[in-house]
Every structure is written in structure tokens, then in C-alpha cells.
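All figures in this text were calculated on a predicted structure; none of them were measured in a lab.
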Amino acid sequence: MEVHIAIFPSPGMGHLIPLTELTRQLLRLLRRQVFVTFIIPTAAGAPIKPQNDILNAMPENVTSVFLPPVDLNDLPPEASLEARISLTLTRSLPALRQTLAELTHDSTRKPPSALVVDIFGYPSFEIAKEFDISPYIFSTVSAMSLVGIFHGPPLDQMFKCNSTEPITFPGCVPFQPTDLPTPVHDYDPVARCTMFNSAKGILVNSFVELEPGAFKALEEGEWCKPDIFPVGPLIRTGSKQQTNDGFECLKWLDKHPVGSVLFVSFGSGGTLSQKQLVELAFGLEKSGQRFLWAVKSPSEKVNASYFSAKTDLDPFSFLPVGFLDRVRDHGLVVSSWVPQVEILAHSSTGGFLTHCGWNSILESIANGVPMIAWPLYAEQRMNAVNLTDGLGVAYRVKVGENGLVGSDEIDKRVRSLIEGEEGDKMRTKLAELKEGGAMALSQDGSSIRPILQVAKMWA
């Protein structure tokens, strides 16, 4: 059974990495019978080295094609992250068509039988059909968020009516309209649902034991027509290539007691304003707790790092005067890449202050680390509700009337997570979820069976 699939991910490491982990699972389960071609869209000026490094480290059965960069300079500065992602994919469609034509007529390899895209890639479905390639969606968001996508049209009406009523999706915990993803009205929800329902199947990077209600709703709801395949938790287990800073982080962690360090990171794209950065610094200092903080230069745009290469600005220059000296004995602040997976897996790590990106959540759950939820953009607020009200494995920070999370609030949450009884209760719940995730990816587990099932459909 030889399988050749093409994968067309959205820009951003958070979209690429879980797809590479899915590929590794396929290669592990089916050995040398799987061939994968990654077709990478790019935007002019956006960094491609991180993506290239990930793909170059993949096994020999995996090849990659970087499409010509598209120009986004006509977009206004206030354009949403989702608009930039969508436009990058749309403007890459002609190059995708050409690449699929070349793959289809390649005499050295079987043509692709499936095109796998993530939740922004559905405009490519028409091109896939031109080459008789079956379209599939890989959901890089939670099952709860996926239920929300299928309920997009009524949500759009609620937005237009400025409804303040709590929203309850089938099988999911209730949440407020203010916790909806920010771009809910930036696209045609009817068209999106229609295209999602035209997919042959949807692979979800989650597992049944984590979101049983949402998966049941997806499988039983008449509004969801494709087959649903829970295939997670697909996360990196660690990188063999570490920068010197990453190595120093782990050596620093080695010096501290078990479960005593709070890891602070807002992902590869998340950024804070200058005022918020200062409040966070003072809050960490007030708590007196050990912490490891991956800091970025401030920006008024919460996702400023997503499409932009790193600047020459020194993040340390924006911290309060004397802060680094005052926390030297118990805090480590780094301004470059850190090995997040290894940090969360380290025995000294006792908590994670996170922006609630789905990949980061899965990594934290897989390592049994309780969280402080600080959502910034996209579906992260919905994720935060699920973590706090649904799973009970996180605190959510409260935003003050001035739009900032104050230092006192940060101090309180950090102390409670690291030292309080509630933090211990969260660890108990997370131990069960960690075991459930491991079981899902074990032989004949609840996520391995669907991976094998969909692979047979692709053959």
C-alpha cells in the first residue's frame, strides 16, 4: 500500500509543526510506504528559515516545495492575522496548481491521492478536484473550536445583533460572546461551512479523552458531514538541535527544585504592549516565585511577531529599571528561542503562563503542567474557557478596566498556581489527562486507529 499525500499548510510554525508530527506518525505506522510532499506558501518579508529547518530534518520520504512569496503590502496595517494568512494562501493558489500538476505527472512517484490543508486552506479544494485529489482538513485547533466553525452562520447573526447571551455549542462548555475568535465577521461563515462540509474528512489534533463531548457532537451532528478523525495529541517530543540559549535554559532549570519554576511564554507570534510588559515584570517580581521568561520586544499588536522577522530591538531595554538584577537569584529572562517542549517536560517546571495557543496547550497537558491562561488572539479565548471552566486545569487572568492585566493579579495567580492547593488539584487532573493522551497514541489507541483508517482511504 503506497501512499503519496500533498500537504498545504498555512503560514506559521503552529500550523506546520503538528502536520510534520502527523507525517512522522504515518511513517512510523506504515514505514516506507508513505511519501509526503509539503507545499509551503510564503509571504514577502516573512522568515522562512524556521520552516526550512523543520522540513530539512524530516525523513527522506518527505520532500518540500516552497512557493514564490506573495506580496501583502496592499493590506492596511490594521489587517487581522487571519486576513493575512488567508490572503497568503489565496494568492498562492496559482503556484499550488502548477506544483500539483508537476506532482501528478511525475513518472517516478505515484500521484498524490490526498491534499491535506489546515483550517485556512479550504480555497484550495477546487484545485484538488481538478487533479482528482481528495481534499482533507487537518484541524490545528481544538474539537470545541471546530464545532464553533460549523456553527459560524448563526454566530455571525449573533454578532450583528450584539447579543450578550452565553453561547453553548453542542457538547461544549458555555462561553461569552466576547470570547469568540476576533475575526468571526471577517469572512463569509456560510461559504466556510459549505467548504468544510465538502472535505472528505477532518483530522483533529486532539483526543477523545480530552474533549469527549465535542467529538460526540461532531460525529452525531447533521451539520458536520465529513468523517471526523481524532489523531492527537500530535506534539514535538523534543529537538536534537538546540541553541546555546536553549541549553543554558535547561541547565538553569536543573538547579531548581521539582515543580518550582513558572515558564512564561506567549508563543512564536504573541506580543504585549510596553505597559503590559512592565506590569508582567512587576507581577513576577512581587510573587517571589522562580520563573523562566521568554520575552519579546513590545508591540501594540498582540500578534506582531507572527508574520514579521525579528527586529534588532533589545527586549531587555523595555523591562523596568533594575528588574533583571532584582530577580537574578530566582528568575531567568531570555530574548531568543527557547526549547519549549523540553522546558515543559523538565521536572523543575511547575506551571506555564501561556497565550493558550492549541499547540502549547497540548504540550502542557502532555507533560502534566498546570496553566495560567492569558489569551491574546484567534481562538485563544475559547481555549481559555475550556481550560478553566471545562477541564479545570488553568487560572485565567482578569483584565482590568484600563485594559491591562495588573501586577497584583499576576502576583496572585502565580502564587496560587505554584504554591496553592488549587494548583495541586490541577496537577491531579492533568495527570489523568496526560495518561489519556499517552494511551490515545499507544498501540490500538483512540487516535492511532483513526490514523490507520484514514491512511487506508488515501491508498
**Asked** Side chain of E220, backbone of A217: donor and acceptor closer than 3.5 Å?
**Response** no
**Asked** Do the side chain of D179 and the main chain of M382 share a donor and acceptor less than 3.5 angstrom apart?
**Response** no
**Any residue meeting side-chain contact (heavy atoms from CB on, under 4.5 Å) with D227, in chain and number order, not counting sequence neighbours** = F229, M457
**Message:** I'd like to know if the side chain of K301 reaches the main chain of S273, judged simply by a donor and an acceptor atom lying under 3.5 Å from each other, with no hydrogens or angles considered.
**Reply:** no
**Within 6.0 Å of CE in M195, more than 12 heavy atoms from elsewhere** = yes
**Item:** I451 backbone acceptor or donor facing Q25 side chain under 3.5 Å
**Value:** no
**Request:** Compute whether any side-chain donor of one residue and acceptor of the other, for N367 and H346, lie under 3.5 angstrom apart.
**Result:** no
**Message:** Determine whether a donor-acceptor pair (N or O, by modelled atom type, separation under 3.5 Å) exists between the side chain of S124 and the backbone of G121.
**Reply:** yes
**Request:** Report yes if some heavy atom in the side chain of E102 is under 4.5 Å from a heavy atom in the side chain of Q98; otherwise report no.
**Result:** yes
**Prompt:** CD1 of I119 to OG of S10: how many Å apart, nearest 0.5 Å?
**Reply:** 7.5 Å
**Request:** Decide yes or no on side-chain contact (heavy atoms from CB on, under 4.5 Å) for L441 and I448, but give the supporting numbers first.
**Result:** CA-CA 6 Å; L441 291 176; I448 292 298; 4.2 Å; yes
**Asked** When you measure from the side chain of K110 to the backbone N and O of E2, does any donor-acceptor pair fall under 3.5 Å?
**Response** yes
**Asked** Can you pull the ring pair (Phe, Tyr, Trp, His ring centres under 6.0 Å) pairs that have at least one residue in residues 36-55, sequence neighbours excluded?
**Response** none
**Message:** I need the M371 CE to Y395 OH distance, nearest 0.5 Å.
**Reply:** 13.0 Å
**Prompt:** Between G201 and P226, which heavy-atom pair has the shortest distance, and what is it?
**Reply:** CA-CB, 3.9 Å
**Request:** Would you indicate whether Q176, at its atom CD, is surrounded by more than 12 heavy atoms from other residues, nucleotides or ligands within a distance under 6.0 Å?
**Result:** yes
**Listed once per pair and sorted, the side chain to side chain donor-acceptor pair (under 3.5 Å) pairs that draw on residues 125-141, sequence neighbours left out** = R97-E130
**Message:** Strictly distance-based, threshold 3.5 Å: is any side-chain N or O of S364 a donor or acceptor partner for the main-chain N or O of S360?
**Reply:** no
**Message:** Whether the T23 and T20 side chains hold a donor-acceptor pair (N or O, under 3.5 Å, no angle test) is what I'd like checked.
**Reply:** no
**Asked** Can you name the ring-ring contact (aromatic ring centres under 6.0 Å, His included) partners of W252, sequence neighbours left out?
**Response** H256
**Message:** Is there a side-chain contact (heavy atoms from CB on, under 4.5 Å) between Y377 and L81? Walk through the geometry before answering.
**Reply:** CA-CA 9 Å; Y377 56 91; L81 169 65; 3.4 Å; yes
Counting only pairs under 3.5 Å, give me each side-chain donor-acceptor contact of residues 202-213, with atom names and distances, residues two or more places apart or in other chains.
residue, atom, partner, partner atom, Å
N205, OD1, L234, N, 2.8
N205, ND2, L234, O, 3.4
S206, OG, E211, OE1, 2.6
E209, OE1, S446, OG, 3.1
E209, OE2, S446, OG, 3.1
E211, OE1, A143, N, 2.9
E211, OE2, A143, N, 3.4
E211, OE2, M144, N, 3.1

**Message:** Once rounded to the nearest 0.5 Å, what's the spacing between atom CZ of F131 and atom OG1 of T99?
**Reply:** 9.5 Å
**Request:** Look only at the side chain of S86 and the backbone of E82, and say whether a donor-acceptor pair between them is shorter than 3.5 Å.
**Result:** yes
**Request:** Spell out, as yes or no, whether a donor-acceptor pair under 3.5 Å connects the side chain of Q453 to the backbone of R449.
**Result:** no
**Prompt:** Looking at CD1 of I149 and CH2 of W223, how far apart are the two atoms once the value is rounded to the nearest 0.5 Å?
**Reply:** 11.0 Å
**Residue pair K251, E248: steps toward the salt bridge (Lys or Arg N to Asp or Glu O under 4.0 Å) verdict** = CA-CA 5 Å; K251 288 206 301 185; E248 289 301 319; 3.4 Å; yes
**Prompt:** What is the ring orientation for F352 with F263, classed by angle as parallel under 30°, tilted 30 to 60°, or perpendicular over 60°?
**Reply:** parallel
**Request:** Could you tell me whether the side chains of E379 and N383 share a donor-acceptor contact shorter than 3.5 Å?
**Result:** yes
**Stepwise side-chain contact (heavy atoms from CB on, under 4.5 Å) test for V369 and L430** = CA-CA 7 Å; V369 178; L430 278 159; 5.6 Å; no
**Request:** Could you tell me whether the side chain of V36 reaches within less than 4.5 Å of the side chain of T63, counting heavy atoms only?
**Result:** no
**Message:** Could you go through E432 and K429, starting from their C-alpha distance and side-chain angles, then the distance that decides it, and tell me whether this counts as salt bridge (Lys or Arg N to Asp or Glu O under 4.0 Å)?
**Reply:** CA-CA 5 Å; E432 297 175 1; K429 293 180 180 179; over 6 Å; no
**R91 side chain to P69 backbone, donor-acceptor under 3.5 Å** = no
**Message:** Under the criterion side-chain contact (heavy atoms from CB on, under 4.5 Å), I'd like the reasoning laid out for T178 against R381: C-alpha separation, chi angles, the key distance, then a yes or no.
**Reply:** CA-CA 8 Å; T178 51; R381 286 184 292 275; over 6 Å; no
**Item:** Parallel, tilted or perpendicular: rings of F35 and H4 (30°, 60°)
**Value:** perpendicular
**Complete:** Hits for salt bridge (Lys or Arg N to Asp or Glu O under 4.0 Å) against E78, two or more places apart or cross-chain, chain-then-number order -> none
